[in-house]
Amino acid sequence: MDKEDVKRIINNPGFIPGVYNYCDRWCERCPLTSRCANYATGEEFFPGSEEQGIHNERFWEQLGEVFRVTMEMLKEMAEERGIDLDSLDTSEYEEEHEKILEEAKTHPCVVAADKYAKRVDDWFDTKKKLYVEKGESLQKQVELGLTGSDPFGEAEGLKNATDVIRWHQYQIYVKLMRAMTGLLEGVPEIIKDMPKDSDGSAKVALIGIDRSIGAWGAIRGYFPTEEDEILDILVHLERLRRMTEETFPGARAFVRPGFD
Ligand code: SF4
């Protein structure tokens, strides 16, 4: 692989510019894989990496190669624009960024998102038995072949709802942290009229919250005995959703390239 290979992918006119900036990174379920340079790069340079696992030596070799090519391209672009990378002073920026990160972590939205992620872990940790029992009950239904029951559909529905919750569990926090740091850093005057990255990140978090609310609603249907606990989690998510919308009033209207 060399930088021409990377440029060939990046410059493909069939790809939607920046489509991967405000997606949920769930490529397996994404309708835009064929129009995403990020996906194409992964497929070309890391084929089958998910199945092989990231412990595979070849994977790390390829990643090292991508790093080398990216650095080559960065130097080339910097030269073209007259930027001296060696003279960049990062200390002041790092100090300021560190302060912003600390402040962002204490914002009620971020705190609530962090709490939510931990609650999800707690819930699944303590409900393993529930899932085992559900599996056994569905298995029994298959064996009995009862008319009117749909054990396979039920199993699939439960798996889907669980996957959605697990996928977004940490992403909501990550996206809200990004949105919050962007909000605190502010927008340079020169791009103040453009859509804000903080709104885009908050929108991805909101979509994750919406989907998680739906998924918890579905889980509630599968485990009626857990209604009180699930209701509590739903109230927490709803509170988080409202706080996020109030903090980022432009988020819902943000247009994500390719998706909206
Ligand atoms: S846009 Fe779709 S294919 Fe591309 S990185 Fe995001 S989820 Fe994956």
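Since this is a predicted model, take the numbers as computed values, not measurements. All ligand and atom numbering here is 1-based and tracks the order in the structure.
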Got a sec: does the CD of E103 have more than 12 other heavy atoms crowding it under 6.0 Å?
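No - once you tally the heavy atoms of other residues, nucleotides and ligands closer than 6.0 Å, there are 12 at most.
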With heavy atoms and a 4.0 Å threshold, my read on which part of C36 contacts ligand 1 is side chain
Side chains of D121 and Q169, donor plus acceptor under 3.5 Å
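Result is yes, a qualifying pair exists.
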Among side-chain atoms of Y39 and S34, is any donor-acceptor pair under 3.5 angstrom?
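Absent: no donor and acceptor within the cut-off.
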Please report whether the ring centroid of F254 lies less than 6.0 Å from that of Y22.
yes
Y173 ring center within less than 6.0 Å of Y116 ring center
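No, the ring centres sit 6.0 Å or more apart.
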Is the distance from atom 8 (Fe) of ligand 1 to some N, O or S atom of C30 under 2.8 Å?
no
At less than 4.0 angstrom from any non-hydrogen atom of [X], what atoms of ligand 1 do you find?
X   : answer
W26 : 7 (S)
T33 : 3 (S)
C23 : 1 (S), 5 (S), 6 (Fe), 7 (S)

On a heavy-atom basis, the closest approach of D24 and H168 is OD2-CE1, 3.7 Å
Identity and distance of the protein heavy atom lying nearest atom 5 (S) of ligand 1:
N38 ND2, 3.6 Å
Just going by heavy-atom distances, which of P31, G258, C27 is nearest to atom 8 (Fe) of ligand 1?
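Considering heavy atoms of P31, G258, C27, the nearest to atom 8 (Fe) of ligand 1 sits in C27.
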